[in-house]
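Per chain, numbering begins at 1; letters A, B, ... match sequence-line order. In this text, all values refer to a predicted model and were calculated from it rather than measured experimentally. Note: hydrogens, waters and symmetry copies are ignored here, and every other heavy atom, side chains too, is used.
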Amino acid sequence: MAAGGPDDSELVRRAQAGDGEAFRLLHEAHRDVAFRVAWRLLGNREDALDVVQDGFVRAFAALGSLGDGAGFRAWLLRIVSNRAIDWRRARRLRRMRPLHAADDDAPGIAEPAAVDPPDAEIQQRELAEAVQHALDRLPDDSRTVLAMYATGQMSYQQIAEALGIPIGTVMSRLYHARRRMRDLLADHLDPGTARRSEKTA
Amino acid sequence: MSDCEAYEGLLAAEADGALAGEDRVALLSHLGGCAACRTRLDEQRAVASLLSRQDPPPVGRQEWSAQWQRIAETLPASRTRRPRTLPMRLPFWLPASMAAALGFAVVLWLLAGRGSASPAGPLQMARAGEASIEELAIDDERATGMIIETSPEYAAVIWIDSGPRKEAPS
């Protein structure tokens with residue numbers, strides 16, 4: 001939200017009264033954080049954009065039921081994260097379909113790059129894939145907390161409000177999610193940290 | 001629950017720099033005598049740092065704008081309608097109203113002209129009907145007529161009276 005602009009309470013109130021510009025401003029103010037959460041949960045840019053769009057459509061359709069406009073962001077992110085989890089399940093089902101029935105969805109063989117990317121870029125890509133693979137193996141509730149916190153824009157309190165859980169549960173889920181990530185990403189973490197972890201596990 | 005398990009959530013918060021007050025004092029006291037929890041704290045910090053270094057792919061303004069258009073299409077029309085500007089076309093009732101006003105003015109002018117010798121009254125009323133009363137000279141004969149401009153190129157003239165020829169001022 002730009003400094004000095006209308007806050008969420010005012011925008012939600014105006015949107016509830018039918019002000020189209022208020023809807024646009026709400027989208028502009030919260031689309032980035034919604035995209036960060038969706039991308040962290042899905043690991044795919046296009047899927048994340050689709051989920052963000054779907055989340056806003058659902059949020060706006062149900063805006064009349066939102067009492068306190070100040071909680072719009074937490075409420076929106078709850079909708080987006082739920083949609084992302086549903087999306088993941090649907091995607092997993094699509095992948096399990098027989099090959100002959102899923103020709104259209106099957107990922108094609110990647111075209112060879114015209115120019116080989118530099119080593120640093122390859123390493124970054126491999127790391128990103130490893131992180132996403134580790135995130136995919138977390139339970140939904142832990143992954144959601146981790147994704148929300150990893151946006152860098154949500155406090156424990158806001159995550160607790162978004163998910164309707166106590167703040168202690170947020171901290172606990174965060175702890176266990178990171179422990180699991182450490183196990184799955186041992187090769188990519190600081191060797192000293194991984195070695196010490198193995199001794200204490 | 002072991003003693004260490006009670007500090008799990010606090011370790012996550014400490015790694016994020018979000019711990020303060022009594023909870024932090026208690027955790028630091030525990031860490032002083034527990035090497036295993038110190039290692040767990042390092043783990044929490046390492047994973048948090050790894051995740052924070054990964055930025056999502058960029059999304060351009062045009063892409064966001066296109067998304068907003070798709071979202072706006074799902075909203076009821078009244079919520080996305082822009083404020084109305086002045087209509088480009090005249091409302092359908094305007095020409096009829098103007099014609100009626102003009103006709104009314106003519107009738108009033110005629111009625112007033114019969115009952116009054118003064119030309120001031122008819123003239124004023126005729127102007128209210130967007131017409132003008134002028135003395136006309138045709139074939140050297142002078143008359144009074146009402147000119148009604150219907151367009152910049154055309155005008156209608158209603159003959160009212162053929163007045164006596166006026167002498168030119170000397």
Side-chain angles (χ1 to χ4, degrees), chain A residues 15 18-24 27-28 31-32 35-36 38-40 45 48-49 52-53 56-57 60-61 124 127-128 131-132 134-135 146-147 149-152 155-156 167-183 185 188-190 192-194 196-197 199-201, chain B residues 1 4-20 23 27 34-83:
Chain A
D19 181 346
E21 179 66 3
F23 281 98
R24 192 189 67 76
H27 175 255
E28 192 174 275
R31 64 195 184 192
D32 285 322
F35 175 68
R36 282 174 171 268
W39 172 75
R40 190 41 99 191
R45 181 182 182 279
L49 281 171
V52 168
Q53 179 179 319
F56 270 104
V57 167
F60 287 160
Q124 276 300 111
L127 178 61
V131 168
Q132 195 56 48
L135 279 165
L146 200 59
Y149 192 75
T151 62
S155 66
Y156 289 177
I167 195 167
T169 306
V170 171
M171 293 157 65
S172 176
R173 286 184 186 176
L174 208 47
Y175 171 82
H176 288 289
R178 286 177 180 155
R179 282 277 289 175
R180 182 82 176 118
M181 292 286 283
R182 196 278 307 170
D183 292 342
L185 293 168
H188 298 275
L189 288 170
D190 168 48
T193 304
R196 285 195 301 274
S197 299
K199 288 181 183 173
T200 57
Chain B
M1 180 184 286
C4 290
E5 283 181 58
Y7 292 98
E8 289 177 345
L10 299 183
L11 285 170
E14 175 66 13
D16 293 329
L19 201 60
D23 284 342
L27 177 67
C34 182
C37 280
R38 287 198 297 274
T39 302
R40 292 181 185 119
L41 180 59
D42 287 344
E43 292 170 13
Q44 294 287 311
R45 285 177 172 148
V47 175
S49 171
L50 178 63
L51 290 176
S52 70
R53 290 198 302 270
Q54 295 203 313
D55 286 326
V59 181
R61 289 190 67 82
Q62 283 189 332
E63 215 164 351
W64 282 129
S65 179
Q67 181 182 94
W68 164 245
Q69 292 301 324
R70 291 191 294 272
I71 293 170
E73 286 171 9
T74 70
L75 299 174
S78 62
R79 294 181 172 179
T80 54
R81 195 165 52 209
R82 291 175 178 273

* For the student: nearest non-hydrogen atoms of A:A128 and B:Q54, plus distance -> CA-NE2, 3.2 Å
* Heavy-atom proximity to chain A below 4.5 Å, by part of B:L51 -> both
* Looking at A:R36, A:Q53, A:M171, A:R40, which has the largest count of heavy-atom pairs under 4.5 Å with chain B? -> A:Q53
* Within the side chain of B:T39, is there an N or O that forms a donor-acceptor pair under 3.5 Å with the backbone of B:A35? -> yes
* Mind ranking A:V131, A:L146, A:T169 by heavy-atom pairs under 4.5 Å with chain B and telling me who comes out on top? => A:V131
* In chain order, what residues pass the side chain to side chain contact (heavy atoms under 4.5 Å, CB included) check against A:D32, with sequence neighbours excluded? -> B:W64
* Between A:E21 and A:R24, is there a side-chain N and carboxylate O pair less than 4.0 Å apart? -> yes
* Asked: Non-hydrogen atoms of chain B under 4.5 Å away: do they reach the side chain of A:L174, the backbone, both or neither?
  -> both
* Taking all non-hydrogen atoms of both residues, which atom of A:A48 and which atom of A:F35 are closest, and how far apart? -> CB-CE1, 3.6 Å
* Asked: Most heavy-atom pairs under 4.5 angstrom with chain B, which of A:R45, A:R31, A:H27?
  -> A:R31
* Asked: Under 3.5 Å, is there a donor-acceptor pair between the side chain of B:Q67 and the main chain of A:L49?
  -> yes
* Which heavy-atom pair separates B:W68 from B:L75 by the least distance, and what is that distance? -> CH2-CD1, 4.0 Å
* Please determine, among B:Q44, B:R38, B:R45, the option with the most heavy-atom pairs under 4.5 Å with chain A. => B:Q44
* Counting heavy atoms not belonging to A:Q124, are there more than 12 under 6.0 Å from its CD? -> no
* Asked: Which atoms of B:A15 come close to chain A, meaning under 4.5 Å heavy atom to heavy atom: side chain ones, backbone ones, both, or neither?
  -> side chain
* **Residue B:S52 versus chain A: region with a heavy atom under 4.5 Å** => neither
* Closest-packed option against chain A by number of heavy-atom pairs under 4.5 Å, given B:A13, B:P56, B:A12 -> B:P56
* For each of B:T74, B:V59, B:L11, tally heavy-atom pairs with chain A at distances under 4.5 Å, and name the one with the top tally. => B:V59
* Structure fact -> From the list A:Y149, A:F56, A:W39, the residue making the most non-hydrogen contacts under 4.5 Å with chain B is A:W39
* Structural part of B:A18 lying under 4.5 Å from a heavy atom of chain A -> side chain
